[in-house]
Amino acid sequence: MTDKELKKLHRRDLLELLIQQTEDNEKLQSRVDLMNAQLQSRNINLSKAGSIAEAVIQVNEVFQKADKIAEQYLENVRLLSERQEETCARMELECQEKCDAMLEEAEKQCEAKKKEAEDFWASLSVRLDNFYKEHAGLREILAIKGNQI
């Protein structure tokens with residue numbers, strides 16, 4: 001799988017790849033454990049080896065293959081981890097940008113609502129002043145006629 005294809009994968013797909021790699025590693029580890037058990041119980045077929053030197057060569061080859069497989073697995077895990085970190089960093093940046101945009105929009109809306117409330121309050125104050133003035137004149141008229149309120 002190319003880097004370009006890996007970059008297009010979603011987080012879930014990357015995690016599935018990591019799980020698959022982990023399962024592969026567990027299988028390989030069980031094979032290594034089995035081979036180690038065979039070595040420890042001296043189940044090496046000396047008839048095939050022909051001599052102790054050939055047995056040592058075969059054992060060394062097994063360990064070399066196991067080392068190569070382990071190195072390859074660790075490299076794959078490292079690459080997947082780096083890609084996952086890059087993906088997470090990119091997603092975090094995108095999320096931060098969206099949050100900043102939402103915050104800016106909310107602040108604009110708050111300012112608009114504040115101005116609307118101030119305008120409403122100013123209008124209400126004017127209307128209350130006019131109402132008071134109108135009733136003050138009515139009170140004066142009634143007071144002149146002798147009807148006090």
Side-chain angles (χ1 to χ4, degrees), residues 1-45 55-149:
M1 185 172 282
T2 65
D3 284 359
K4 195 172 194 180
E5 292 171 334
L6 281 173
K7 287 181 182 178
K8 289 183 180 180
L9 292 178
H10 294 288
R11 185 177 186 179
R12 180 179 176 185
D13 296 329
L14 290 171
L15 290 174
E16 287 175 3
L17 282 174
L18 185 59
I19 289 169
Q20 181 63 40
Q21 288 290 329
T22 303
E23 290 171 357
D24 291 345
N25 183 42
E26 290 171 358
K27 289 176 186 177
L28 292 173
Q29 185 62 42
S30 67
R31 286 181 65 194
V32 168
D33 292 343
L34 177 63
M35 288 178 190
N36 283 335
Q38 288 175 348
L39 286 174
Q40 289 178 358
S41 65
R42 302 189 187 267
N43 285 336
I44 297 175
N45 189 352
V56 170
I57 291 172
Q58 286 182 354
V59 169
N60 283 338
E61 288 175 2
V62 168
F63 281 124
Q64 287 173 353
K65 288 178 183 177
D67 282 343
K68 285 180 183 178
I69 291 170
E71 287 174 11
Q72 185 180 25
Y73 172 76
L74 290 174
E75 180 65 19
N76 286 340
V77 168
R78 186 188 62 77
L79 288 173
L80 283 174
S81 177
E82 287 176 1
R83 289 181 187 129
Q84 187 65 30
E85 287 175 6
E86 290 171 0
T87 301
C88 289
R90 182 178 35 80
M91 291 173 69
E92 184 178 354
L93 181 63
E94 289 173 1
C95 184
Q96 185 63 43
E97 289 172 353
K98 286 180 184 177
C99 288
D100 291 344
M102 290 171 64
L103 183 60
E104 186 177 328
E105 181 62 29
E107 288 173 352
K108 286 179 183 177
Q109 289 177 358
C110 286
E111 286 297 321
K113 291 293 181 182
K114 182 179 176 182
K115 182 174 179 353
E116 184 180 319
E118 288 172 351
D119 291 347
F120 177 76
W121 184 252
S123 170
L124 182 62
S125 294
V126 168
R127 288 176 37 204
L128 286 173
D129 286 341
N130 289 338
F131 182 79
Y132 177 73
K133 288 176 186 175
E134 289 173 7
H135 283 79
L138 182 61
R139 285 186 186 165
E140 290 175 8
I141 293 172
L142 291 175
I144 292 173
K145 292 187 176 181
N147 298 332
Q148 288 190 341
I149 295 180

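As the structure is a computational prediction, the values presented were derived from the model and not from experiment. For this chain, numbers begin at 1 and follow the sequence in order.
- For Leu128, the side-chain contact (heavy atoms from CB on, under 4.5 Å) partners two or more places apart in sequence, or in a different chain, are Leu124.
- Between Arg127 and Asn130, the closest side-chain pair of non-hydrogen atoms is not below 4.5 Å.
- The side chain to side chain donor-acceptor pair (under 3.5 Å) pairs that include a residue from residues 63-76 are Glu75-Arg78, where partners are two or more places apart or lie in different chains.
- Every residue two or more places apart in sequence or in another chain that forms a side-chain hydrogen bond (donor to acceptor under 3.5 Å, both in side chains) with Glu16 is listed here: Arg12.
- Every pair passing side chain to side chain donor-acceptor pair (under 3.5 Å) that includes a residue from residues 23-32 is listed here, sequence neighbours excluded: Gln20-Asp24, Gln29-Asp33.
- Annotation: salt bridge (Lys or Arg N to Asp or Glu O under 4.0 Å) contacts of Asp129 (sequence neighbours excluded): none.
- The CE atom of Met102 lies 10.0 Å from the CD atom of Gln109; values are rounded to the nearest 0.5 Å.
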Could you list the donor-acceptor pairs under 3.5 angstrom formed by side chains in residues 85-98, with sequence neighbours left out?
residue	atom	partner	partner atom	Å
Thr87	OG1	Arg83	O	2.9
Gln96	NE2	Asp100	OD1	3.0

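- Contacts of Lys114 classified as side-chain hydrogen bond (donor to acceptor under 3.5 Å, both in side chains), with partners at least two apart in sequence or in another chain: none.
- Taking Phe131 as the reference, His135 meet the ring-ring contact (aromatic ring centres under 6.0 Å, His included) condition, with sequence neighbours excluded.
- Taking CG of Leu80 as the start and OG1 of Thr22 as the end, the distance is 9.0 Å to the nearest 0.5 Å.
- Residues that satisfy the salt bridge (Lys or Arg N to Asp or Glu O under 4.0 Å) test with Lys108, not counting sequence neighbours, are Glu104.
- Rounded to the nearest 0.5 angstrom, Ser81 OG and Leu74 CG are separated by 12.0 Å.
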